[in-house]
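First up is the structure itself, then whatever we jot down about it.
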Amino acid sequence: MFEFDITANDDSGARCGRFHTPHGILETPVFAPVGTAATVKALQPRDLRELGASLVLSNTYHLYLRPGDTLVRDLGGLHQFMQWDGPLLTDSGGFQVFSLSQTRKIDQDGVTFRSHIDGSAHRFTPESSIAIQENLGADIIMAFDECPPPNDYDYVKQSLTRTHPWLERCQAAKQRSDQALFGIVQGGIFRDLREESAAFMAPLDLPGYAIGGLAVGESKAEMYRVLEWLQPVLPRHKPRYLMGVGAPEDLVNAVLRGIDIFDCVLPTRLARHGTALVRGGKLNLRNRQFERDERPLSEDSPIAQYSRAYLRHLVKANEILAHVLLSLHNVGFLLDLMTEMRQAIRDNRLRAFAADFLVEYPEPQEQE
RNA sequence: GCGGGUGUAGCGUAGCGGUUAACGCGUCUGGUUGUGGCCCAGAAGACCGUGGGUUCGAAUCCCACCACUCGCC
């Protein structure tokens, strides 16, 4: 279980792989839609399968608070609960503790925080995060880490003195053998800290390695640079997971730099905010230019039977169907992009594919 | 018919003698990367019901008219 076979290499450094999980094989590079509260908002598992999704991410923090991880366990685990029989991944709750909780207190042992739902007090430690994730029962579980602001060298350096021991504690606390524990490399935008973090984790022989703390405010150029630094120092024969990244141009640029797994709320969040991802950018369907536009979003969209004018109407009227249709479109768009990239890698022409795909996107700026 | 009240941006309102008439919603345009159906930033939009008067100066005070509204015949 959890073998990672590399099945194709591209001159760029990108690779295709097969990651074996108890609920099926992931063909990488793969994009995972996010199902925070045990649902990819607006979509059923049936829709996800038809769109070609293979991996779904769900959130430890959210499920712990509501409905509770022990309830999910008692009802047969997360796969059974949400009726998704493919591979699942849960994050550790670390990120949400930092991004959603108003008041939180970090110490060497863990984090005390308040629920964003009712203000009640809670505490996560590496041990409790693993226990919750074992109750949920995803195929891939994540180490409890701290996601620090990426530009503050002293803080990021000190943060590693928590994240690294926490990873070892996660390993020690883990009991189930049917779940793969991934470590999360931190280190902000600093080369020495990133290399230090990767060097610490590589010998732990984890089934996979995530890159955290990116796409949190630094520039795209800085993010890509971090990926290039990590490329030679992460174990080659293990999947590499870039957490929270899902802008189309970022997916392409990260696959070029050796990333195998992605997750992101972007396609479903943009959908709920009325924006459609299309080749070369995105369409804000609130814009008046679509008022009488009878064309589909794109010819190959899973919702190509609907006009932009109709979708604009649904968005402006805040109709539920707008969320459903645009979620189908945006998730489908990213999954199709991943499929195209896997084929390009097999054909050893990813650089050409990327150059063609990225020509319509703006160049990454040093500071944004 | 009599008496009272109200007319300010598409809608709801604030301002009640003193720069360039304000706010919310809506509209328009950006933003959204390990998810609060949000949120943030910017823009357009007003013969202040109509006509007259008082005043250095009127959305603001006075008169008439019109419209809406409440009460009473």
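So that the names make sense, note that chain A is the first sequence line, chain B the second, and so on, each numbered from 1.
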Q) Quick check: are there more than 12 heavy atoms from other residues, nucleotides or ligands sitting under 6.0 Å from CZ of A/Arg236? A) no
Q) Among the nucleotides B/rU32, B/rC38, B/rU33, which one has an atom lying closest to any side-chain atom of A/Thr275? A) B/rU32
Q | Pairwise C1' distance for B/rG42 and B/rC47, with rounding to whole Å | A | 28 Å
Q: Have a look at A/Gly94 and say if it touches a base, only the backbone sugar-phosphate, or nothing, with a 4.0 Å heavy-atom cut-off.
A: nothing
**Q.** Contact nearer the 5' end of RNA chain B, comparing A/Ile320 with A/Val245
**A.** A/Val245
Q) Should we count CZ of A/Arg66 as having more than 12 external heavy atoms under 6.0 Å? A) no
Q) Does the side chain of A/Arg194 pick up a donor-acceptor pair with the side chain of A/Ser197 at under 3.5 Å? A) no
Q. A/Glu319 or A/Leu270: which one's nearest nucleotide on RNA chain B is closer to the 5' end?
A. A/Leu270
Q. Among B/rU33, B/rU32, B/rG36, which nucleotide sits nearest the side chain of A/Lys282?
A. B/rU32
**Q.** N/O (side chain, A/His62) to phosphate O (OP1/OP2, B/rG36) under 4.0 Å
**A.** yes
Q) Do you see a donor-acceptor pair shorter than 3.5 Å between the side chains of A/Asp145 and A/Gln186? A) yes
**Q.** Whole-angstrom distance between B/rG49 and B/rU69, as gauged at atom C1'
**A.** 15 Å
Q) For the residue pair A/Thr163 and A/Glu146, what are the closest heavy atoms and their distance? A) OG1-N, 3.1 Å
Q: Please identify each residue that fulfils salt bridge (Lys or Arg N to Asp or Glu O under 4.0 Å) with A/Asp192, with sequence neighbours left out.
A: none
Q) Quantified in whole Å, what is the C1' atom distance between nucleotide B/rU27 and nucleotide B/rC70? A) 34 Å
Q) Has the side chain of A/His273 got a donor or acceptor atom sitting under 3.5 Å from an opposite partner on the base of B/rC39? A) no
Q: Grab the stems for RNA chain B, please: at least three consecutive Watson-Crick or wobble pairs, both distances below 3.5 Å, written as range with range.
A: B:1-7 with B:66-72, B:10-13 with B:22-25, B:27-31 with B:39-43, B:49-53 with B:61-65
Q) Heavy atoms under 4.0 Å, any strand shown: does A/Asn284 hit a base, just sugar-phosphate, or nothing? A) sugar-phosphate
Q. Where along residues 177-197 of chain A does a heavy atom come under 4.0 Å from RNA chain B, residue by residue in number order?
A. A/Ile184, A/Gln186
**Q.** Spacing of the P atoms in B/rU19 and B/rC61 (rounded, Å)
**A.** 16 Å
Q.
Assess, by modelled atom type and distance only, whether the side chains of A/Ser129 and A/Gln133 contain a donor and an acceptor separated by less than 3.5 Å.
A. yes
Q. What residues, two or more places apart in sequence or in another chain, satisfy ring pair (Phe, Tyr, Trp, His ring centres under 6.0 Å) together with A/Tyr64?
A. A/His122, A/Phe124
**Q.** Nearest-Å distance once atom P is located in both B/rU6 and B/rU13
**A.** 13 Å
Q.
Between P on B/rG34 and CZ on A/Phe124, what's the gap in Å once rounded to a whole number?
A. 17 Å
Q) Of the nucleotides B/rG37, B/rU33, B/rG34, which one has an atom closest to the side chain of A/Lys220? A) B/rU33
Expected list for residues 198-211 of chain A: side-chain donor-acceptor pairs under 3.5 angstrom, two or more places apart:
residue, atom, partner, partner atom, Å
A/Asp205, OD1, A/Lys238, NZ, 2.8
A/Tyr209, OH, A/Met201, O, 3.0
A/Tyr209, OH, A/Ala202, O, 3.1
A/Tyr209, OH, A/Asp205, N, 3.4
A/Tyr209, OH, A/Leu206, N, 3.1

Q.
Counting only side-chain heavy atoms from C-beta out, which of B/rG36, B/rG34, B/rU27 sits nearest to A/Met243?
A. B/rG34
**Q.** Candidate pair A/Leu75 and A/Gln80, rule side-chain contact (heavy atoms from CB on, under 4.5 Å), full reasoning
**A.** CA-CA 7 Å; A/Leu75 294 178; A/Gln80 167 69 18; over 6 Å; no
Q: Please determine, for the side chain of A/Lys41, which listed nucleotide (B/rU33, B/rG34, B/rG37) has the closest atom?
A: B/rG37
Q.
If you only use heavy atoms from C-beta on, which nucleotide in B/rG37, B/rG30, B/rG36 is closest to the side chain of A/Asn287?
A. B/rG30
Q) Which residues in residues 133-153 of chain A have at least one heavy atom lying under 4.0 Å from any atom of RNA chain B? A) A/Asp145, A/Cys147
**Q.** Passing candidate, side chain to side chain donor-acceptor pair (under 3.5 Å) with A/Tyr241, options A/Thr28, A/Asp260, A/Asp263
**A.** A/Asp263
(Q) Using atom P in both nucleotides, what's the gap between B/rU54 and B/rA14 to the nearest angstrom? (A) 31 Å
Q: Would you check if there is a donor-acceptor pair between the side chains of A/His79 and A/Asp85 at a distance under 3.5 Å?
A: no
Q. Once you round it to whole Å, what is the distance between P of B/rG37 and CG of A/Leu43?
A. 14 Å
**Q.** Centroid-centroid distance, A/His62 to A/His116, less than 6.0 Å
**A.** yes
Q: Report the nucleotide, chosen from B/rU27, B/rG34, B/rU33, that has the shortest atom-to-atom distance to any side-chain atom of A/Asp91.
A: B/rG34
(Q) If you compare every side-chain N and O of A/Arg269 against the phosphate oxygens of B/rU33 (OP1, OP2), does one of them come in below 4.0 Å? (A) yes
